[in-house]
2 protein chains.
Amino acid sequence: YTNTTEAFVIRNPGGRITTGLQSLLFVDTLTGGQALKDIVIVHHLDCGCTHITDDIIKDALKAKSPELGAEIDNIVFGTYSAKNMQQHINNIETDIKFLKDSPLVREELKERVHAYIFDLQSGKLIAVPTND
Amino acid sequence: YTNTTEAFVIRNPGGRITTGLQSLLFVDTLTGGQALKDIVIVHHLDCGCTHITDDIIKDALKAKSPELGAEIDNIVFGTYSAKNMQQHINNIETDIKFLKDSPLVREELKERVHAYIFDLQSGKLIAVPTND
């Protein structure tokens, strides 16, 4: 985290909302809604999280600890498969919908959700539309 | 995250293991146990997370969304009360025990857990013993 004139960066494997929501609600509640004015989702291309899925990680953990299958199944690792740009966009759209559907997120924040895919090779941000 | 010659930094509100374990297991499993050689827990003094508790955040969320009480109660925000150094140390010891008791964490990693409290004012790290 940086100072209050800059951005709160919630960095989590996969960049998924499901694993970042706890941090977002924490910061927003702690500051009485003063710290967060916008939500900016940024994924990047060629992330390990796009090649590995939660099932792959869960299967590896279950192979080591088969007796913990139920506990392992309950963990959300935030990975996703994205072999092309449309799949990246679909995943982000899923998360935007999750955010907007969540009654725990402030309505003002829902109006100010932005999303980008960061292309590491070109250094460019590709905007993903966030309107319904 | 940085490159593989450096440290994977899992930065989460409160610095608690309970909210960082998913990222730790993710990285360790994804890399087949090759990326993580040591676990270093670092808390810092005067963190907002030591003044606010999960109950305070949950009460604030429930006041806004009373119908979601059960869902809110299930969220782990990773905050803790620590008004003196001994309470900081107790919280870290609780997390070290949680790590060492978890059957999902590799035994080799459990042998290499280190913990520090970062004093922002002096810039010094205070070591917390990690032996049983």
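Within every chain, numbering begins at 1; the chains are lettered A, B, ... in the order of the sequence lines, protein sequences first and strands thereafter. Values in this document were obtained by computation on a predicted structure and should not be read as measured data.
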- A:D28 side chain to A:G32 main-chain N or O, any donor-acceptor pair under 3.5 Å? no
- Query: Is there a donor-acceptor pair closer than 3.5 Å between any side-chain N or O of A:T29 and the backbone N or O of A:F26?
  - Reply: no
- Task: Answer yes or no: does atom CG of A:D46 have more than 12 heavy-atom neighbours from other residues, nucleotides or ligands under 6.0 Å?
- Result: no
- Query: If you draw a 6.0 Å radius around NZ in A:K124, do more than 12 non-hydrogen atoms from other residues or ligands fall strictly inside?
  - Reply: no
- Task: State, to 0.1 Å, how close A:N12 and A:G20 come at their nearest heavy-atom pair, and which atoms those are.
- Result: ND2-N, 3.4 Å
- Should A:F77 and A:I52 be marked as a side-chain contact (heavy atoms from CB on, under 4.5 Å) after you check the CA-CA gap, both sets of side-chain angles, and the distance that decides it? CA-CA 10 Å; A:F77 286 102; A:I52 302 287; over 6 Å; no
- Message: Just by distance, no angles: are the side chains of A:Q87 and A:N91 close enough, under 3.5 Å, to form a donor-acceptor pair?
- Response: no
- Are there residues of residues 54-72 of chain B that reach to under 4.5 Å of chain A by heavy atoms, and which ones? B:I57, B:A60, B:L61, B:K64, B:S65, B:L68, B:E71, B:I72
- Under 4.5 Å, heavy atom to heavy atom, which residues of residues 102-116 of chain B contact chain A? B:P103, B:L104, B:R106
- Distance flag, aromatic centroids of B:H43 and B:Y80, threshold under 6.0 Å: yes
- Testing A:T94, A:D95, A:D101 for side chain to side chain donor-acceptor pair (under 3.5 Å) with A:K97, which one passes? A:D101
